[in-house]
Amino acid sequence: MRDFSDLVYLDNNATTAVAPEVLEEMLPFLRDYYGNPSSMYDFAGVVGRKITEARERVAALLGARPDEIIFTSCGTESDNTAIRSALMSRPERTGVVTTRVEHPAVKNLCEHLASRGTPVHFLPVDSLGRLDLDQVAESFKAEPAVASIMWANNETGTVFPVEELAQMAHEAGALFHTDAVQCVGKIGMDMSTSAIDMLSLSGHKLHAPKGVGALYVRHGTRFSPFMIGGHQERGRRGGTENVASLVALGKACELAARNIALENGRVAALRDRLERGLLERIPQAKVNGDPEHRLPNTTSIAFEFIEGESILLMLNEHKICASSGSACTSGSLEPSHVLRAMGVPFTSAHGSVRFSLSVYNTERDIDLVIEKLPAIIARLRELSPFWPQDACKVVA
Ligand code: PLP
């Protein structure tokens, strides 16, 4: 295996490192306590009690009741479950309202539903990635069963006013689901005073392992299960529990509750230092998204006239990890659907790089990017047939 000990990892919206405390807590449930939580003996009871504790920890982070938490296999499953459940359990209403900038977990499901005849309204965004609330109100006139609108965008970090949107959905008689995969643990939330009906989260975005998630469903909300099988999750999601991962998610939520202040203080300051350092040194570079309402850990920067993929490859030479748009769309050279929906010009959308930080990043990480990236951009622009060669030079 290659040595990645000096890695500079700035791709935390793609996935995060499992926190050491989380790993520690989950290991006994892989190694020692392997009982099926549904069994009757004490050996299984230990496991069942730990799942109860994990559920309480997830609920505490959200300000929810433990019985409002359904464990799932990932954020994608949570999103699919929420939207399908709303459609199944409210047949008297028609369709879904969503946005053009959702993660594929919502966007592709909605496109699939639309191709099978479900009315779906995809709301546009402006050049900063913001919704127009008049257009939202207009879309609700079609009496949708559910509005599914993300809390924070995975590519730009732009945060939508979900409480206001949830209120509007209710006034129009629709349920409100939000994909909060990118903001759980970064933004404080309290479901006990919120209008949100359903909320998705994913373990691997908050220092738990991949392959575990949860769906919050407000008490009293009509619910139709997606995974039908055993009695697990009180009949709301069949399948023997992924015990060690549920334990991990619980611990990660406990840590996240403690780290929110750190995210909004130190992590946001590091992100701002990175952004300032790059914008000062690199001409024709611009931040994508809403500078006022965004996640504390994310910046998406467009470097004009070059390919984001080439930037990533050259950063990779310095063991710096970032992303050009959503991880799920990398591998394709199409500009991201989010930047396209914002009307970011083709020449900027192609050269956009997302840096997403975590509590594990240091000033050294940031300063290394500020040191290396200007020269990388200058080199790529020299090679670019689109870069006006007499344009102002990069300040090295
Ligand atoms: N929603 C958003 C906003 C995401 O960023 C992601 C993952 O990148 C998902 C949903 C999907 O989560 P998972 O990878 O757990 O299926």
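In listed order, ligands and their atoms are each counted from 1. For the numbers below, each heavy atom of this structure counts, side chains included, while hydrogens, waters and symmetry mates do not. Starting from 1, each residue takes its place in the sequence as its number.
- Side chains of E143 and T94: no donor on one and acceptor on the other come within 3.5 Å.
- Counting non-hydrogen atoms of other residues, nucleotides and ligands closer than 6.0 Å to CZ of F305 gives a total above 12.
- Atoms of ligand 1 lying under 4.0 Å from any heavy atom of H204, numbered from 1 in the order shown and given with element: 13 (P), 14 (O), 15 (O).
- Proximity of D79 to ligand 1, defined as any heavy-atom pair under 4.0 Å, is confined to the side chain (atoms from C-beta onward).
- No part of K210 comes within 4.0 Å of ligand 1, judged by heavy-atom distances.
- Between the CG atom of N12 and the OG1 atom of T298 there is a distance of 9.0 Å, given to the nearest 0.5 Å.
- When the heavy atoms of E77, K107, Q182 are ranked by distance to atom 5 (O) of ligand 1, first place goes to Q182.
- Taking a 6.0 Å sphere around OH of Y34, one finds it holds 12 or fewer heavy atoms contributed by other residues, nucleotides or ligands.
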Given side-chain hydrogen bond (donor to acceptor under 3.5 Å, both in side chains), test T72 with S78 step by step and report yes or no.
-> CA-CA 6 Å; T72 65; S78 301; 2.9 Å; yes
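- Of the listed options P104, A105, S73, G75, G75 places a heavy atom closest to atom 13 (P) of ligand 1.
- Of all the heavy atoms of N154, the ones lying under 4.0 Å from any atom of ligand 1 belong exclusively to the side chain.
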